[in-house]
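Note on naming: letters A, B, ... go to the chains in the order of the sequence lines (proteins, then strands), and numbering restarts at 1 for each one. Model, not experiment: these values are computed from the prediction.
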Number of protein chains: 2
Amino acid sequence: MELMQGTLDMLILKILASGKRHGYDISKRILLLSNSSLKVGHGSMYPALHRLEKKGFVNSMMGETARGRSAKFYELTKHGREQVEQEKQQWRDFVAVIDVILEEG
Amino acid sequence: MELMQGTLDMLILKILASGKRHGYDISKRILLLSNSSLKVGHGSMYPALHRLEKKGFVNSMMGETARGRSAKFYELTKHGREQVEQEKQQWRDFVAVIDVILEEG
DNA sequence: ATTCCATGTATCAAGCTTCGATATATGGAA
DNA sequence: TTCCATATATCGAAGCTTGATACATGGAAT
């Protein structure tokens, strides 16, 4: 399944809302939660993470993974926490609008 | 509200499912059905229409509008009618997957 | 008369995102 | 020692949206 432009950032923010994670971990979580239908390559994940950091929605810090590897962890900033809610609502609104057209088109 | 990449084609096909229309008309219909929240500029509409025609989902023919203007009308091909159903189902699947992440993220 | 606006179609450059390839590095298992 | 999973990063290609620009017609208002 293809991911839609703009959707990835929202998913990452939402996943980070439950705690800090590193990029590789976020990719695997999306794969898990989507029942393997959403495969996010690193070529999409890392640019997205850098984008979000640049926008001030996440902070990053080096740390150690559960498997003892060194990795870059990301966590939501206050601004990021607000953004999650906002994007969720926008997504719901968008889906509602598309639904109208899909039913009454 | 921003339209998501790939969504426009589906909306156009769905709107054409109820009968032939011209580009300007489709734009206005999307604006109407979305309660003015989805503004599709001609810079998006015409390339989309040409894209769909190239893919064989629509046919075009010149005709006269209700206001007596000359315009290019588009109608679904058989291939296009199948495509509408397929894209609708893909959209529902996609929304369902996103919902899982938005709820269990 | 003339200006403005809605109706119509079309293309272009800019900007952004996604995707796949590529590079690099570590460490455990076979 | 070879392979795979873990982990980050960047690049070019490809695709879509946006806003600008161009062009043409005709009715309405000043």
Side-chain angles (χ1 to χ4, degrees), chain A residues 1-13 20-32 34 36-55 57-58 60-74 87 90-91 94 97-98, chain B residues 1-13 20-32 34 36-55 57-58 60-74 87 90-91 94 97-98:
Chain A
M1 200 184 291
E2 278 168 35
L3 200 45
M4 274 168 166
Q5 211 167 301
T7 312
L8 179 56
D9 294 26
M10 173 179 69
L11 296 185
I12 293 173
L13 290 177
K20 64 177 68 165
R21 286 177 187 271
H22 52 91
Y24 191 77
D25 192 26
I26 298 174
S27 291
K28 286 196 305 176
R29 184 139 182 83
I30 290 180
L31 196 63
L32 174 73
S34 71
S36 299
S37 64
L38 251 38
K39 300 181 210 303
V40 179
H42 4 290
S44 303
M45 181 54 65
Y46 296 111
L49 252 10
H50 299 158
R51 202 153 65 218
L52 292 171
E53 190 167 23
K54 198 174 175 186
K55 287 177 182 168
F57 297 146
V58 301
S60 67
M61 68 227 70
M62 292 309 291
E64 199 173 313
T65 70
R67 290 169 195 75
R69 298 293 176 87
S70 173
K72 200 181 207 170
F73 284 80
Y74 291 87
E87 291 201 16
Q90 277 169 12
W91 171 252
F94 179 70
V97 166
I98 298 300
Chain B
M1 200 184 294
E2 279 169 34
L3 199 45
M4 275 170 164
Q5 214 167 295
T7 312
L8 179 57
D9 293 25
M10 172 179 71
L11 296 185
I12 292 174
L13 290 178
K20 64 178 68 168
R21 286 176 188 273
H22 52 92
Y24 191 79
D25 192 26
I26 299 175
S27 292
K28 285 196 305 175
R29 183 137 183 84
I30 290 180
L31 195 64
L32 173 72
S34 71
S36 299
S37 63
L38 253 37
K39 299 181 211 303
V40 180
H42 6 291
S44 303
M45 180 54 66
Y46 296 111
L49 252 10
H50 299 160
R51 202 155 63 219
L52 292 171
E53 190 167 24
K54 199 173 174 187
K55 287 178 183 168
F57 297 146
V58 302
S60 69
M61 69 228 68
M62 291 309 292
E64 198 172 315
T65 71
R67 289 170 196 74
R69 298 293 176 88
S70 173
K72 200 182 206 171
F73 286 78
Y74 292 87
E87 290 200 16
Q90 278 169 12
W91 170 252
F94 181 70
V97 166
I98 298 299

Can you see if the side chain of A:Arg51 gets near the phosphate of C:dT18 - specifically, an N or O under 4.0 Å from OP1 or OP2?
yes

Do any N or O atoms of the protein come closer than 3.5 Å to N or O atoms of nucleotides 21-26 of chain C, and which pairs are they?
{"unit_1": "C:dT26", "atom_1": "O2", "unit_2": "A:Arg69", "atom_2": "NH1", "d": "2.8"}
{"unit_1": "C:dT26", "atom_1": "O2", "unit_2": "A:Arg69", "atom_2": "NH2", "d": "3.3"}

Give, for atom NZ of B:Lys20 and atom CG of B:Asp25, the distance between the pair rounded to the nearest 0.5 Å.
13.0 Å

Suppose we screen for side chain to side chain donor-acceptor pair (under 3.5 Å). Which residues come up paired with B:Gln90, at least two apart in sequence or across chains?
none

Got a sec, which residues hit side-chain contact (heavy atoms from CB on, under 4.5 Å) with A:Ser27, two or more places apart in sequence or on another chain?
A:Met45

Which residues pass the ring-ring contact (aromatic ring centres under 6.0 Å, His included) test with A:Tyr74, sequence neighbours left out?
none

B:Ala71: partners by side-chain contact (heavy atoms from CB on, under 4.5 Å), with sequence neighbours left out
B:His22, B:Thr65, B:Phe73

Looking across every strand, which nucleic acid part, if any, lies under 4.0 Å from A:Lys39 by heavy atom: base, sugar-phosphate, or nothing?
nothing

Here the salt bridge (charged side-chain N to carboxylate O under 4.0 Å, His left out) pairs for residues 3-12 of chain B, sequence neighbours left out, are B:Asp9-B:Arg51

Whole angstrom is fine here: how far is it from CG in A:Leu8 over to C1' in D:dG15?
16 Å

My understanding is that only residues two or more places apart in sequence, or in another chain, count here; which of them pass side chain to side chain donor-acceptor pair (under 3.5 Å) with A:Arg29?
none

Presence of A:Tyr24 side-chain N/O under 4.0 Å of D:dT6 phosphate oxygens OP1/OP2
yes

Which residues pass the side chain to side chain donor-acceptor pair (under 3.5 Å) test with B:Glu53, sequence neighbours left out?
B:Ser60

Comparing nearest nucleotides in DNA chain D, the 5'-proximal residue of the pair B:Val40, A:Ala71 is A:Ala71

Comparing nearest nucleotides in DNA chain C, the 5'-proximal residue of the pair B:Asp25, A:Gly41 is B:Asp25

Value in whole Å for how far the C1' atom of D:dT6 lies from CE of A:Met45:
15 Å

In residues 61-68 of chain B, which ones come under 4.0 Å of DNA chain D, going by heavy atoms?
none

Short side-chain N/O contact from A:Lys28 to OP1 or OP2 of D:dA5, under 4.0 Å:
no

